Amino acid sequence: MHSIKEILSDEFIGKPVTVHGWVYRTRSSGKIAFVVLRDSSGIVQSVASIAALGDERFKTISSLGIESSLELQGTVKKDDRAITGYEIEVTDFKVYQRDESFPITKDKGEEFLLDNRHLWLRSQEFSAVLKVRSTVFKAFADFFYSEGYYQVQAPFMVSTATEGGTTLFKVPFFGSEVSLTQSAQFYLETMIFSLEKVFTISPSFRAEKSRTWRHLTEYWHGEAEVAWVDNSGMMDIEERMIHFIIGRVLEENQPELAILGRDMGDLRRWTEPFLRMTYSDLIKRAQQTGMNIKYGDDLGSDEEKQIMIHYDRPVFVTHYPKELKTFYHRPDPKNPGELLCHDLLAPEGYGEIIGGSERIWDPDQLKERMEEYKLNPDDYYWYMDLRKYGSVPHSGFGLGLDRAIMWICKLDNIKNAIPFPRTIRRTKP
RNA sequence: GCCGCCGUAGCUCAGCAGGUAGAGCACUCGGCUGUUAACCGAGCGGUCGUCGGUUCAAAUCCGACCAGCGGCGCCA
């Protein structure tokens, strides 16, 4: 048995092979039929003829529907007319299941494809995304292992909010109620006191009624937390991480990037140093380009896009005014109105993919900030305890893995970066 | 939460100054020995989202409801 990718090579010319997979396309001209076979590694054209198979067998193979599953035996030939340069002259075959009418045909409406995502996954385009996605997840973990981090796991069912009060998913819990996690951050913070450098990959849940091209209600969050590192040191780590992930995709996914129409030159440029600027500088520059924006305004989707058209690589934006971010970011001691925090904005209009910061490590300051946000420190007693017993400076971040994949794969909607997207109106398939 | 849009064949859509439903694809049958989401011919396929109203007559006009899509805000 061979994989399709394997036999697409001069070494196999003239040799008998056996492959199995699914019918990708068929064409028949009466006495000759072309069956393009697909497996997880690629596609190859096979040629069936009455001469080789006889009337009845020929009729069987030439009438197979798209996505029929079968095993083919034959001889490899080089032929420029074949879609991948080589073809198999069929000598024998075995059908596992005949397919009469696969629901996905050439007219593909967005909604129909979402309803049939379990089948659309088989497409070349979506398979390519899934392969890149696999690389990104592995590279994220490999990067942190290579820098001496421990992978840890936090609970998904929680009783404290990390990002403000209105976005929690409530779940019944033995007569009371818990929420689905929005971020593992607070739990990661507990673990730096024993492990110092930790990371996790887990789903996060947001109950905002978002209907946008870059929001999911359930998304995959790559998060890390490190002791003894400040805001700027954290950005160094994140920059190395993104470079590492992009490098891996360049090494492992060239065919997939070609299918997706993503230029390799773009990715190579993103393995070069990123830009950094403060929020106030960014506002000044935006004003110089004529944008109607002032210090203290939040960066909306439009603003992010308008700003990022001037840059061809990711940009860290730091030192946001404290009114624009939540309570745990550490205020800059030199300018307490601004925070030692950062967002990483991806180019080409993809926008924010990372949010991170140096965390407040002084107990009084944390308490003060919580009160400004009308939060009860007693609800966060265990988080407060971290500032009470051997508190240290530390920083962390969260990466939206699906957003990063959408950017790397040049997709126009985050729903196409994840196999089974969960949005405000979609829980099937 | 706010703004906009759509619902007609399995799929993608056309039909809308009101006159009784159409194309392409898919599927079935027939033809074709080099096709590239092949091509040619025929066939199959619809309570026009639901309920109500106006009218001699409604896919088309009006109202309500249901379902879905896109964008904003929020964030990753």
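Keep in mind that what you see is a predicted model, and the values were worked out from it rather than measured. Below, chain A is the first sequence line, B the second, and so on; all start at residue 1.
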- Query: Separation of A:K31 atom NZ from B:G31 atom P, in whole Å?
  - Reply: 9 Å
- Whole-Å gap separating C1' (B:C72) and CZ (A:R214): 12 Å
- With a 4.0 Å cut-off on heavy atoms, is A:S28 in touch with a base, just the backbone sugar-phosphate, or nothing at all? base
- Message: What I want to find out is whether A:R122 reaches A:E67 closely enough, with some N-O distance under 4.0 Å, to be called a salt bridge.
- Response: yes
- Message: Output the rounded distance in Å from CZ (A:F112) to P (B:U8).
- Response: 13 Å
- Item | Rounded P spacing from B:G7 to B:A59 in Å | 15 Å
- Report yes or no: is there a donor-acceptor pair, N or O only, under 3.5 Å between the side chain of A:E87 and the base of B:G34? yes
- Query: NA contact type, A:G65, heavy-atom cut-off 4.0 Å: base, sugar-phosphate, or nothing?
  - Reply: nothing
- Message: Classify A:W213 by what it touches in the nucleic acid, base, sugar-phosphate, or nothing, heavy-atom distance under 4.0 Å.
- Response: sugar-phosphate
- Could you work out the separation of B:C13 and B:G18 based on their P atoms and round it to a whole Å? 26 Å
- Any Lys/Arg nitrogen of A:R262 or A:D266 sitting under 4.0 Å from an Asp/Glu carboxylate oxygen of the other? yes
- Message: Taking the P atom in each of B:G10 and B:G34, what is the distance between them to the nearest angstrom?
- Response: 37 Å
- Task: Measure across A:V249 and A:V136 and return the closest heavy-atom pair with its distance rounded to 0.1 Å.
- Result: CG2-CG2, 4.0 Å
- Message: A cation-pi test, strictly: NZ or CZ of A:R403 under 6.0 Å from the centre of the six-membered ring of A:Y219 and no more than 45 degrees from its axis. Yes or no?
- Response: no
- Residue whose closest nucleotide on RNA chain B lies nearer the 5' end, A:T26 versus A:E89: A:E89
- Task: Would you mind reporting whether A:W213 and A:Y350 have side-chain heavy atoms less than 4.5 Å apart?
- Result: yes
- Note on the structure: Contact check, residues 351-361 of chain A vs RNA chain B, heavy-atom distance under 4.0 Å, returns A:E352, A:I353, A:I354, A:G355
- Query: Has the side chain of A:S210 got a donor or acceptor that lies under 3.5 Å from a partner of the other kind on the base of B:C74?
  - Reply: yes
- So what's B:C2 paired with, Watson-Crick or G-U wobble, going by both distances under 3.5 Å? B:G71
- Around A:F12, counting heavy atoms of other residues, nucleotides and ligands shown, do more than 12 lie under 6.0 Å from its CZ? yes
- Message: Please enumerate all residues that pass side chain to side chain contact (heavy atoms under 4.5 Å, CB included) together with A:I424, with sequence neighbours excluded.
- Response: A:K209, A:R211
- Message: Can you check the distance between B:G73 and B:C61, where both ends of the measurement are the C1' atom (answer in whole Å)?
- Response: 37 Å
- Task: Mind checking A:A82 for me? I need base, sugar-phosphate or nothing, with any heavy atom below 4.0 Å counting as a touch.
- Result: base
- Task: Assign A:E110 to base, sugar-phosphate, or nothing according to its heavy-atom contacts below 4.0 angstrom with the strands shown.
- Result: nothing
- Message: Please report the distance, rounded to the nearest Å, between CG in A:D412 and P in B:G71.
- Response: 9 Å
- Item | Partner nucleotide of B:U33 by Watson-Crick or wobble geometry (both distances under 3.5 Å) | none
- Task: Map A:S29 and A:H215 onto RNA chain B by nearest heavy atom, then report which one ends up closer to the 5' terminus.
- Result: A:S29
- Task: Quote, to the nearest angstrom, the C1' distance that separates B:C69 from B:C51.
- Result: 24 Å
- Distance in angstrom units between A:L64 CG and B:A37 P, rounded: 19 Å
- Message: With a 3.5 Å limit on both atom pairs, tell me what B:C61 is paired to, counting Watson-Crick and G-U wobble, or say none.
- Response: B:G53
- Query: With a 3.5 Å cut-off and just heavy-atom distances, do the side chain of A:R211 and the base of B:G70 make a donor-acceptor pair?
  - Reply: yes
- Item | Phosphate-side-chain proximity, A:S101 and B:A26, N/O vs OP1/OP2 below 4.0 Å | no
- Message: With a 6.0 Å cut-off (strictly less than), is the heavy-atom count around NE2 of A:H20, excluding the residue itself, greater than 12?
- Response: no
- Query: In whole angstrom, what separates A:I83's CD1 from B:U35's P?
  - Reply: 14 Å
- Atom C1', compared across B:U20 and B:U8: separation rounded to whole Å: 14 Å
- Tell me what A:K77 touches on the nucleic acid: a base, only sugar-phosphate, or nothing, going by heavy atoms under 4.0 Å. base
- Task: Return the value, rounded to whole Å, for the distance between atom CG of A:N116 and atom C1' of B:G10.
- Result: 10 Å
- Message: Applying the Watson-Crick and G-U wobble criteria at under 3.5 Å, what pairs with B:G18? Answer none if nothing qualifies.
- Response: none
- Verify ring-ring contact (aromatic ring centres under 6.0 Å, His included) between A:Y145 and A:Y149, making sure each step is shown before the conclusion. CA-CA 5 Å; A:Y145 282 133; A:Y149 286 65; 9.4 Å; no
- Message: What's A:D402 touching, base or sugar-phosphate or nothing? Going by heavy atoms closer than 4.0 Å.
- Response: nothing
- Query: Is any side-chain N or O of A:R403 under 3.5 Å from a base N or O of B:C75, one able to act as donor and the other as acceptor?
  - Reply: yes
- Query: What distance, rounded to whole Å, do you find between the two C1' atoms, one in B:A17 and one in B:A9?
  - Reply: 27 Å
- Message: Would you say CD of A:E272 has more than 12 non-hydrogen atoms from neighbouring residues, nucleotides or ligands within 6.0 angstrom?
- Response: yes
- Message: Please give the distance between the C1' atoms of B:U60 and B:G22 as a whole number of Å.
- Response: 15 Å
- May I have the distance from A:K428 (atom NZ) to B:A67 (atom P), rounded to whole angstrom? 13 Å
- Is there a Watson-Crick or G-U wobble partner for B:C27 with both distances under 3.5 Å, and if so, which one is it? B:G43
- Evaluate whether the aromatic ring of A:F34 and the six-membered ring of the B:G34 base sit under 5.5 Å apart, centre to centre, with an inclination under 30°. no
- Message: So, OP1 or OP2 of B:A38: does either fall under 4.0 Å of a side-chain N or O from A:R27?
- Response: yes
- No-hydrogen, no-angle side-chain donor-acceptor test under 3.5 Å, A:T60 and A:R98: no
- Task: Please state whether the phosphate of B:C29, meaning OP1 or OP2, lies under 4.0 angstrom from any side-chain nitrogen or oxygen of A:K59.
- Result: no
